[in-house]
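Data first, discussion second: the structure below is written as structure tokens.
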Amino acid sequence: TEFISANDLASMMNVSVNEVISTCLSLGMFVSINQRLDAEAITVITDEFGYAVQFTSAEEELEVEQENEPEENLEPRAPIVTIMGHVDHGKTSLLDYIRNTKVTASEAGGITQHIGAYDVTTKSGNKIAFLDTPGHEAFTAMRARGAKLTDIAIIVVAADDDVMPQTKEAINHAQVAGVPIVIAINKIDKPTANPDRIREGLSKINVLVEEWGGKYQSQEISAKSGKGIDDLLEKVLLEAEILNLKANPNRHATGSIIEASLDKGRGYVATLMVQTGKLQVGDIVLAGANYGRVKAMFDDTGKKVATAGPSTPVVLLGLDGAPQAGEKFSVMETDREARELAAKRSQLLREQSIRTKKHITLDEIGRRL
Ligand code: GTP
Ligand code: MG
């Protein structure tokens with residue numbers, strides 16, 4: 001059954017129809033303004049915009065309702081911070097120093113392959129959830145998604161280098177997503193470091209740091225010696241304070257998939273970031289076209305945990321597949337509900353991939369003629 005047009009759905013959600021269409025495109029669905037949408041498509045689209053949808057089968061009507069949380073249910077939550085920047089400018093080293101571990105040394109070729117997620121308590125006793133994002137150009141798409149579940153971006157620029165293409169790209173991602181930026185001018189321990197060159201390079205792309213009379217907080221640091229890192233974190237916390245971040249820690253959890261893969265011994269392993277609510281062992285989780293009961297959860301140090309609240313990254317066992325990075329997840333009431341929605345979504349994905357393939361084929365025929 002087809003319910004309403006893309007245009008009507010857009011006005012029910014108070015967004016422009018163009019936003020609905022471009023969101024559909026990013027999900028691989030080709031939708032036109034007056035195209036009537038079926039239940040599956042509506043469920044997927046409203047979900048993307050943070051609305052819950054109810055189908056009243058008798059009248060084939062639907063109610064779209066924003067999942068607004070009453071103020072009294074909200075509690076402060078830690079900021080989710082993404083570290084971005086050009087290849088080799090020191091993103092992983094900075095996170096290593098903050099976490100006091102040695103992730104870089106164990107990485108194949110020293111290039112970050114996954115978005116790692118970590119929980120950190122600063123010296124001042126505040127919590128920050130960190131996402132480390134890959135620097136290689138091939139991971140641009142993943143990074144774009146990374147910016148979406150981010151409250152604040154740290155842009156790392158190496159002082160012995162310059163403002164590079166991926167520095168600009170990272171700044172651009174953050175600005176488009178409306179995410180506040182704190183600049184970390186790294187590698188100041190190096191004899192060839194020239195922080196002024198970085199400040200100047202930034203000013204050329206309209207990112208004027210506070211020292212130069214601009215609005216962007218910045219901090220000179222060395223990820224090697226640790227110099228300036230406590231100050232950097234305090235600046236991040238200042239930015240977080242302005243944002244006044246809150247979430248309801250007592251509802252069913254929702255959040256985003258950071259990464260997921262198949263582990264020979266343990267089955268599907270997913271790293272996810274809880275954004276609202278409390279995730280618990282035994283919960284039924286729906287993530288994109290996958291679902292499952294949470295068998296076990298681990299924190300970022302590998303320790304078993306029974307629950308995880310807002311702004312907490314956890315590794316989860318129990319899903320029936322590996323959802324894509326950036327996919328949203330939510331806890332469902334019943335196993336049946338989760339199974340059915342997962343099945344609908346995988347069917348939708350299959351149909352989309354067929355449509356996409358047809359599109360490409362036609363295009364290729366066109367080019368050959
Ligand atoms: P990708 O993940 O590949 O994009 O790189 P990255 O930005 O995570 O850089 P990474 O932390 O792997 O650092 C790259 C190189 O710079 C390594 O050899 C680090 O040891 C070195 N490095 C990072 N920070 C500093 C610093 O503050 N001072 C000095 N001297 N070297 C640093
Ligand atoms: Mg790295």
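Since this is a predicted model, take the numbers as computed values, not measurements. Just follow the structure's listing: the first ligand is 1, and inside any ligand the first atom is 1. Quick note: numbers below take in every heavy atom, side chains included, and nothing from hydrogens, waters or symmetry partners.
Residues that satisfy the side chain to side chain contact (heavy atoms under 4.5 Å, CB included) test with Ser22, not counting sequence neighbours, are absent from this structure. In this structure, the side chain to side chain contact (heavy atoms under 4.5 Å, CB included) partners of Glu75, at least two apart in sequence or on a different chain, are Pro249, Asn250.
A donor-acceptor contact closer than 3.5 angstrom links the side chains of Ser124 and Glu234. Side-chain polar atoms of Ser330 and Thr254 form no donor-acceptor pair below 3.5 angstrom. Looking only at atom types and distance, the side chain of Asp161 has a donor-acceptor partner in the side chain of His89 under 3.5 Å away.
For Ile221, no nitrogen or oxygen atom sits less than 3.5 Å from a nitrogen or oxygen atom of ligand 1, counting backbone and side chain alike. In terms of N/O distances under 3.5 Å, ligand 1 is approached by Ala223.
The neighbour count for Glu211 CD, taken as heavy atoms of other residues, nucleotides or ligands under 6.0 Å away, is above 12. For Ile205, the CD1 atom is densely surrounded, since the number of other residues' heavy atoms within 6.0 Å is greater than 12.
Using a 4.0 Å cut-off between heavy atoms, Lys224 contacts ligand 1 through both its backbone and its side chain. At a heavy-atom distance under 4.0 Å, only side-chain atoms of Asp189, from C-beta outward, approach ligand 1. With a heavy-atom cut-off of 4.0 Å, Asp88 touches ligand 1 through backbone and side chain alike.
Counting only non-hydrogen atoms, the option in Ser222, Gly228, Ser93, Gly85 that gets closest to atom 20 (O) of ligand 1 is Ser93. Selection from Lys190, Lys227, His86, Lys187 by nearest heavy atom to atom 32 (C) of ligand 1 gives Lys187. For the residues Asn186, Thr192, Leu94, the heavy atom positioned nearest atom 24 (N) of ligand 1 is part of Asn186.
For Thr92, the nearest N, O or S atom to the Mg ion (ligand 2) falls under 2.8 Å.
Counting atoms of ligand 1 from 1 in the listed order, those under 4.0 Å from a heavy atom of Thr92 are 2 (O), 6 (P), 8 (O), 11 (O).
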